[in-house]
2 protein chains.
Amino acid sequence: MTRSSGRLANDAWESLLVAHAVLMKRFAAEDIWVEVSMREYDVLYTLSKCDEPTRLGELGRNVLLSQPALSRLVERLVERGLVARSADPADGRGVLLDLTETGRHVQRRVGGRHGASVARSVRAELTEEDMLKLEEICRRLAGQDGSERENEE
Amino acid sequence: MTRSSGRLANDAWESLLVAHAVLMKRFAAEDIWVEVSMREYDVLYTLSKCDEPTRLGELGRNVLLSQPALSRLVERLVERGLVARSADPADGRGVLLDLTETGRHVQRRVGGRHGASVARSVRAELTEEDMLKLEEICRRLAGQDGSERENEE
DNA sequence: CAAAAATTCATGCGTTTGCATCTACCTCAA
DNA sequence: TTGAGGTAGATGCAAACGCATGAATTTTTG
């Protein structure tokens, strides 16, 4: 029997949700979120991927949090000396964020352990071919493959 | 060039996280979460898939929430008449949950709109073959087929 | 060029979450 | 049977969240 295209799409999305939930729970249960919580790590990791200081709003596009929640999460990270906040010279409303040295160290330390854990879980179930395929499909699903109209200058 | 297996695994996981975040944001922005929030819907949906009354703990395994948070979320749904809570005759500690008629109606109404939205987003980017492949890989990633496995150091 | 509209981030406030802990019940061994 | 140990769910409480809104700045428009 053949599932309809809509049904296929919903089943695929649900399987992604389940995989996300299962692995997130497993990762959350690990004993490595002492220095920073998982969400805080998410922000540190995102910042670590940007060489230049990043706008708060830009950060918000990559993090699953409301704008006020992100604003205050960043504020806490600044208070703890993990993130540096500065005014954007090009836009008086904007705020530029960057990792401090401490923040970078914490990100690397936690990231190392977390990354090992991720690799363990993923490799336990998927072949390398699967991983490549999953990455390709997810990138496309997120609209992040080459064919995206981006404001380049 | 060849990425290491650990690198492949982390890249795959990150792409899944990004896809999850991007689509979740899109879905959250839709105007259909008036009757129930997205998390509440998640619970209603999970219950709708179980024909028999379901234990709270069982529900918790499928929902990305702490046990107390889920306990109270369910409590609110009970108060609003969407979920029925009863003692488990087989285990005095347990709590059995089930959708009420109202709850079932709400789940179907919201689910219809949400499902259409999901289908729209997924179909816009993926072929049916992709959807099947994604589902298969995610099921495996979640350890939801055949071989169950325990993880330790 | 001034006023209106839009944008960026912060803040007030009520709600929800997670952690630690508690209670009630089940299981099992002696 | 009984008491130790384990499990299911509820509750107190501080932290964190989302919504609505505010303040400051930029952009647009007439």
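Excluded from the calculations below are hydrogen atoms, water molecules and symmetry mates; all remaining heavy atoms, backbone and side chain alike, are included. Below, chain A is the first sequence line, B the second, and so on; all start at residue 1. It should be emphasised that the depicted structure is a prediction, and the values quoted were computed from it without experimental measurement.
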TODO: Using a 4.0 Å heavy-atom cut-off, write out nucleotides 11-18 of chain C from 5' to 3' as B (base contacted by protein), S (sugar-phosphate only) or - (no contact).
DONE: BBB--SSB
Task: Enclosure of B/Arg7 CZ (heavy-atom neighbours >12, cutoff 6.0 Å) - done: no
Task: Separation between CD of B/Gln107 and OG1 of B/Thr46, rounded to the nearest 0.5 Å - done: 9.5 Å
Open item on the list: Check the phosphate of D/dA10 against B/Arg85, side-chain N and O only, distance under 4.0 Å to OP1 or OP2. Yes or no?
Closed with: yes
Open item on the list: Strictly below 4.0 Å, N to O, side chains only: are A/Lys49 and B/Glu14 in salt-bridge contact?
Closed with: yes
Task: Rounded interatomic separation in angstrom, taking CG from A/Asp88 and P from C/dT7 - done: 17 Å
Task: Donor-acceptor contact below 3.5 Å, side chain A/Thr54 vs main chain A/Leu59 - done: no
Kindly give the atom pairs (protein nitrogen or oxygen, nucleotide nitrogen or oxygen) under 3.5 Å for nucleotides 26-28 of chain D.
{"unit_1": "D/dT26", "atom_1": "OP1", "unit_2": "A/Gly92", "atom_2": "N", "d": "3.1"}

Open item on the list: Distance check needed: C/dT7 C1' versus A/Arg61 CZ, whole Å only.
Closed with: 11 Å
Open item on the list: Any carboxylate oxygen within less than 4.0 angstrom of a Lys/Arg side-chain nitrogen, looking at B/Glu30 and B/Arg113?
Closed with: no
Task: Atom-pair distance (CH2 on B/Trp33; C1' on D/dG18), nearest Å - done: 16 Å
- [ ] Answer whether the closest heavy-atom distance between the side chains of A/Leu96 and A/Arg55 falls below 4.5 Å.
- [x] yes
Task: Rounded distance (Å) that lies between atom C1' of D/dT11 and atom CG of B/Leu56 - done: 14 Å
- [ ] Hey, can you tell me if B/His20 and A/Trp13 have their rings parallel, tilted or perpendicular (30° and 60° cut-offs)?
- [x] parallel
Open item on the list: For the backbone of A/Ile137 and the side chain of B/Asp130, can you confirm whether one donor and one acceptor N or O come within less than 3.5 Å of each other?
Closed with: no
Task: Whole-Å gap separating C1' (D/dG9) and CG (B/Leu97) - done: 11 Å
Task: Interatomic distance where CZ belongs to A/Arg55 and P belongs to C/dA10 [whole Å] - done: 11 Å
